[in-house]
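Below: the structure, in structure tokens.
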Amino acid sequence: MLGVIGPRPYKKAARALGEQRTREALLDAADEEFYEGRWRKTSLEKLAAKAGVTKQTLLRHFESKEGLLLQALVRGYSDVHDQRWSAPAGDLEGTVENLLDHYEDWGKRSLLIGRWLEEGNPLLAKLSQAARQVHYEWVEHAFAPWLTPLAPGIRRRRRDALIAICDVHTWWLLSHDLGLDRAAVRATLTDAIEGIVREA
């Protein structure tokens, strides 16, 4: 009897691991198609094939093409949150480095999601609002030593200015429209942020 029962937990664990690998492969396929601008034209069959599974397996895990995309974006949101919160509060140099690392990995993707929102895509609206909230809370976390002691009205103005300076559009303007390299972007952002926290 023990010989029959013994392997079952192992088989369940192996099956669960296989299911997780399948989900991750499908999410990776969705990421690639979405961020390469092919999402509207791609098919369930193509997404499944990229992940090495069948269309039926994709539907069993995510129910629809839109469900797969939503879960892929939710996964990315979680990764972004973890990365941003690794910024040490009160360390200006570390905060700017964290911001640049984040935008070099995610900036272009964030702007792509923004363009989808401009086209009225309801799938992304709530997720985009959550991402904006993460950015606001990250500013409050990273700059807390300078913001917390201020009177409420002044603190709000300083916070809002830091949100704008640290926004993805500011990074894109500096690094792409103006063509600055990372060192120059770092110096420009640091100067702007120091002007606010010094005043604070």
Side-chain angles (χ1 to χ4, degrees), residues 1-89 94 97-142 167-168 171-172:
M1 181 65 71
L2 291 176
V4 174
I5 296 174
R8 287 182 180 172
Y10 170 78
K11 288 182 179 179
K12 287 183 179 180
R15 188 180 305 117
L17 181 59
E19 291 287 294
Q20 183 60 32
R21 286 175 177 165
T22 295
R23 286 181 63 86
E24 292 298 320
L26 286 164
L27 293 170
D28 290 343
D31 276 345
E32 182 178 340
E33 292 296 292
F34 179 76
Y35 291 118
E36 292 298 324
R38 299 187 294 263
W39 185 257
R40 287 187 179 88
K41 294 182 179 180
T42 199
S43 65
L44 287 170
E45 289 82 2
K46 183 175 181 179
L47 288 162
K50 288 177 77 72
V53 299
T54 65
K55 173 183 171 180
Q56 289 71 27
T57 298
L58 186 158
L59 292 173
R60 178 166 57 83
H61 280 277
F62 298 102
E63 298 185 355
S64 67
K65 183 180 173 183
E66 290 73 21
L68 172 60
L69 177 59
L70 180 59
Q71 289 305 309
L73 295 173
V74 166
R75 181 182 67 166
Y77 168 84
S78 178
D79 292 343
V80 165
H81 185 280
D82 292 344
Q83 190 269 339
R84 292 293 292 269
W85 253 256
S86 67
E97 289 294 338
N98 175 276
L99 191 68
L100 294 178
D101 287 344
H102 167 67
Y103 285 145
E104 287 175 5
D105 287 342
W106 287 93
K108 188 175 181 180
R109 303 182 207 184
S110 298
L111 292 169
L112 178 60
I113 292 173
R115 286 196 292 274
W116 270 56
L117 283 174
E118 290 172 5
E119 298 173 13
N121 188 300
L123 179 66
L124 305 179
K126 288 185 178 180
L127 192 64
S128 180
Q129 178 57 44
R132 285 195 295 272
Q133 190 61 39
V134 165
H135 180 61
Y136 301 161
E137 292 173 359
W138 175 84
V139 166
E140 293 171 351
H141 158 76
D167 187 75
V168 63
W171 166 80
W172 185 267

*Is the number of heavy atoms from other residues, nucleotides or ligands under 6.0 Å of Arg21 CZ greater than 12?*
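Open: at most 12 neighbouring heavy atoms sit under 6.0 Å from CZ of Arg21.
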
*Decide if atom CD of Glu104 counts as having more than 12 heavy atoms of other residues, nucleotides or ligands within a radius under 6.0 Å.*
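Yes - once you tally the heavy atoms of other residues, nucleotides and ligands closer than 6.0 Å, there are more than 12.
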
*asked:* If you apply the rule side-chain contact (heavy atoms from CB on, under 4.5 Å), what do you find for Glu45 with Thr54, and how did you get there?
replied: CA-CA 7 Å; Glu45 289 82 2; Thr54 65; over 6 Å; no

Please name the pair of heavy atoms, one in [X] and one in [Y], separated by the smallest distance, quoted to 0.1 Å.
{"X": "Ala51", "Y": "Leu26", "answer": "CB-CD2, 3.6 Å"}
{"X": "Ala72", "Y": "Asp31", "answer": "CB-OD1, 3.6 Å"}
{"X": "Trp171", "Y": "Lys108", "answer": "CZ3-N, 4.3 Å"}
{"X": "Ala30", "Y": "Leu68", "answer": "CB-CG, 3.7 Å"}
{"X": "Lys65", "Y": "Arg40", "answer": "NZ-O, 3.7 Å"}

Enter the distance from [X]:[atom1] to [Y]:[atom2] here, rounded to the nearest 0.5 Å.
{"X": "Ser78", "Y": "Leu73", "atom1": "OG", "atom2": "CG", "value": "12.5 Å"}
{"X": "Ser86", "Y": "His102", "atom1": "OG", "atom2": "NE2", "value": "11.0 Å"}
{"X": "Arg109", "Y": "Leu111", "atom1": "CZ", "atom2": "CG", "value": "12.0 Å"}
{"X": "Ser43", "Y": "Glu33", "atom1": "OG", "atom2": "CD", "value": "8.5 Å"}
{"X": "Asn98", "Y": "Trp138", "atom1": "CG", "atom2": "CH2", "value": "6.0 Å"}
{"X": "Glu63", "Y": "Gln71", "atom1": "CD", "atom2": "CD", "value": "10.0 Å"}

_Polar side chain donor-acceptor pair, Arg84 to His135, under 3.5 angstrom_ =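 Yes, a side-chain donor-acceptor pair sits under 3.5 Å.
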
Side chains of [X] and [Y]: closer than 4.5 Å at any heavy-atom pair?
{"X": "Trp39", "Y": "Leu47", "value": "yes"}
{"X": "Glu19", "Y": "His61", "value": "yes"}
{"X": "Val168", "Y": "Trp106", "value": "no"}

_Qualifying residue for side chain to side chain contact (heavy atoms under 4.5 Å, CB included) with Phe62, from Leu44, Leu69, Leu27_ =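 Going through the options one by one, the only one that passes is Leu27.
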
_Could you go through Trp85 and Glu137, starting from their C-alpha distance and side-chain angles, then the distance that decides it, and tell me whether this counts as side-chain contact (heavy atoms from CB on, under 4.5 Å)?_
CA-CA 10 Å; Trp85 253 256; Glu137 292 173 359; 3.7 Å; yes

*Per the side-chain hydrogen bond (donor to acceptor under 3.5 Å, both in side chains) rule, which among Arg23, Arg75, Lys50 passes with Asp28?*
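Filter result, single survivor: Arg75.
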
*Is a side-chain donor or acceptor of His141 paired with a backbone partner of Pro88 at a separation under 3.5 angstrom?*
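Answer holds: no.
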
